[in-house]
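Please read all numbers here as calculations on a predicted model, not as lab measurements.
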Amino acid sequence: MTVIIRNASVLNQEGELETRHIVVKDGVISAIESNLDALDESTEIIEAEGKLLIPGLIDMHVHLREPGFEHKETVETGARSAAKGGFTTIACMPNTRPVTDSPEIVQFVKDKAREAGLVKVLPYAAITKNELGRELTDFAALKEAGAIGFTDDGVGVQTAQMMKDAMKLAAGLDMPVIAHCEDDSLVEGCAVNEGKFATAHGLKGIPNESEAIHVGRDILLAEATGVHYHVCHVSTEQSVRLIRQAKQIGILVTAEVCPHHLLLSEEDIPGMDANWKMNPPLRSRRDVEACIEGLLDGTLDIIVTDHAPHSEEEKAKGMQLAPFGIVGFETAFPLLYTAFVATGKWDLSLLVQRMTADPARVFRLNTGHLTVGAPADLTLIDLKEEQEVDPASFASKGRNTPFAGWKLKGWPVMTWVDGTAVWTKAN
């Protein structure tokens, strides 16, 4: 069966929109045409009606919670939520229970993703056993099982020697180390950023340096070991500055930023609602502006969601006791499109690149491009339709978002993985 997506609006190399017909055959893009020849009877026509067609979005930082926390999310529900949000490839973090620190758990995640038959799920493996920071996992065996990198996301690797040993081992295997940067000695008992909101509400705050200290330490270790070092969910001006300097002198460091750290500051938190509690926390306006600048100049390479679902009961415990995290799959593109592209602050091509081609480049994936011969991982987006964020409609089990009620444009309406439709708005 050949599928033609007709009259799609696509971005050309100059970042301009033009109308094209995309021909998909055997799971790959076989042609991109400006005119259609006579059609075979077996050809399926999908009318795009001028909507935006882009490579499937790629999210390299997500939490699918399975195994161990299936009440929050499963691989299947997370993958369905990702597809609804326009994502076709996602990379899941290992802070499950049991921790993804063995080949068996890596295989378990892969099997669950295959059974779901939705988006491509790439598992990370833990740096240390049980993410306790005491003993390295078997990197070679985990790579063989299909892990795409090593991270103790959820906690920082606290000792420099452990991180250096991990980087040496990963570098020898040509694998990246992905770091959650947080010095535990500075964050115990903290719930929000160290700033105005914490002071006003009598809360102990997470200081910027708790993140930046690890970023600076790890940059030096990456320089010494030659590893590809990737910084998770950057949130502070100091971290952006350190990463920019490291790149300028040729250290192999890449970094990511989340939509909420580009859109919200601590000044936006309306009260003690734990749907506004995340780690890293919402920082100052100065930090937000630094992250935006870093994304624009390429210091921060990619956008990720850090999709982190929790149950309503857990989030109802309040700002001090509730777990950190918000969901992100289904709102990421509309949020950023509405705030930055529709307002003329960013070019559409920049947003698309940071969510497709750039993550593919950073992690050496074979997708992320709308070119002949590429996998037909595609997302069709209606840039004009406006609707409110309604957590009750999420495909994710998680409803924990600070963006409920926001009116947004730029909603995905259809998602394909290897040429197969895995989500349509009609569903």
Side-chain angles (χ1 to χ4, degrees), residues 9 11 15 17 51-52 54 57-62 81-82 84-87 193 197 233-237 240 255-270 273 275-276 278 280-308 325-359 379-391 393-394 400-413:
S9 185
L11 287 162
L17 290 171
K51 295 181 180 68
L52 176 69
I54 61 173
L57 302 176
I58 300 171
D59 191 345
M60 297 304 297
H61 188 140
V62 316
S81 177
K84 186 177 178 182
F87 292 92
N193 182 57
F197 184 87
H233 41 49
V234 172
S235 69
T236 74
E237 183 275 331
V240 174
E256 64 190 38
V257 67
C258 304
H260 45 274
H261 290 130
L262 298 169
L263 290 164
L264 302 173
S265 75
E266 63 175 359
E267 297 174 11
D268 297 307
I269 305 175
D273 180 356
N275 285 320
W276 294 73
M278 58 213 70
L282 298 178
R283 304 285 190 181
S284 71
R285 218 35 243 180
R286 176 186 176 190
D287 294 307
V288 172
E289 293 303 321
C291 287
I292 293 171
E293 182 181 352
L295 186 75
L296 292 176
D297 70 17
T299 299
L300 306 181
D301 299 80
I302 66 175
I303 295 167
V304 302
T305 67
D306 194 8
H307 176 81
I326 65 172
V327 292
F329 284 142
E330 298 172 49
T331 56
F333 190 91
L335 280 168
L336 296 172
Y337 176 79
T338 302
F340 295 109
V341 179
T343 57
K345 296 176 182 177
W346 296 0
D347 290 336
L348 175 62
S349 58
L350 175 90
L351 175 59
V352 172
Q353 181 176 324
R354 294 288 189 265
M355 299 184 77
T356 58
D358 285 336
T379 300
L380 190 66
I381 296 175
D382 188 340
L383 297 180
K384 296 180 181 179
E385 181 187 355
E386 183 176 74
Q387 64 184 62
E388 286 190 9
V389 175
D390 177 14
S393 71
F394 287 171
N400 46 305
T401 176
F403 298 111
W406 283 38
K407 291 184 178 181
L408 306 176
K409 294 181 179 180
W411 294 92
V413 295

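- With a 4.5 Å cut-off on side-chain heavy atoms, Val341 and Leu350 do not count as touching.
- Remark: Ser284 engages Asp287 in a side-chain hydrogen bond (donor to acceptor under 3.5 Å, both in side chains) (not counting sequence neighbours).
- For the pair Leu335/Leu408, a side-chain contact is recorded, criterion being any heavy-atom separation below 4.5 Å from C-beta on.
- Ring orientation note: the planes of Trp406 and Phe403 are nearly perpendicular, at an angle over 60° on the 30°/60° scale.
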* **Evaluation steps, side chain to side chain donor-acceptor pair (under 3.5 Å), between Thr299 and Asp297** => CA-CA 6 Å; Thr299 299; Asp297 70 17; 2.7 Å; yes

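- Ile303 has its side chain out of reach of Leu57: every pair of non-hydrogen atoms, C-beta onward, lies at least 4.5 Å apart.
- Listed by first and then second residue, the ring pair (Phe, Tyr, Trp, His ring centres under 6.0 Å) pairs that reach into residues 284-307 are His307-Phe329, sequence neighbours excluded.
- The shortest side-chain heavy-atom distance between His261 and Pro280 falls under the 4.5 Å cut-off.
- Judged as a side-chain hydrogen bond (donor to acceptor under 3.5 Å, both in side chains), and not counting sequence neighbours, Asp268 has no contacts.
- No donor-acceptor pair closer than 3.5 Å links the side chain of Asp347 to the backbone N or O of Ser349.
- In summary, Arg286 and Glu237 engage in a salt bridge, as defined by a charged side-chain N under 4.0 Å from a carboxylate O.
- Side chains of Arg354 and Leu295 form a contact here, defined as non-hydrogen atoms less than 4.5 Å apart.
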* Decide side chain to side chain contact (heavy atoms under 4.5 Å, CB included) for Cys258 and Val304; before the verdict, give the C-alpha distance in whole Å, the side-chain angles of both, and the deciding distance to 0.1 Å. => CA-CA 5 Å; Cys258 304; Val304 302; 3.9 Å; yes

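- Ring geometry, Trp346 versus Phe340: the interplanar angle falls under 30°, so the pair is classed parallel (tilted spans 30 to 60°).
- When all heavy atoms of Arg283 and Asn193 are compared, the pair lying nearest together is NH1-OD1, 3.0 Å.
- Counting heavy atoms from C-beta on, the side chains of Thr379 and Ile381 come closer than 4.5 Å.
- Contact check for Leu17 versus Leu11: side-chain heavy atoms found under the 4.5 Å cut-off.
- At least one side-chain heavy atom of Pro402 sits under 4.5 Å from a side-chain heavy atom of Leu264.
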* Stepwise side chain to side chain contact (heavy atoms under 4.5 Å, CB included) test for Phe394 and Lys84 -> CA-CA 9 Å; Phe394 287 171; Lys84 186 177 178 182; 5.5 Å; no

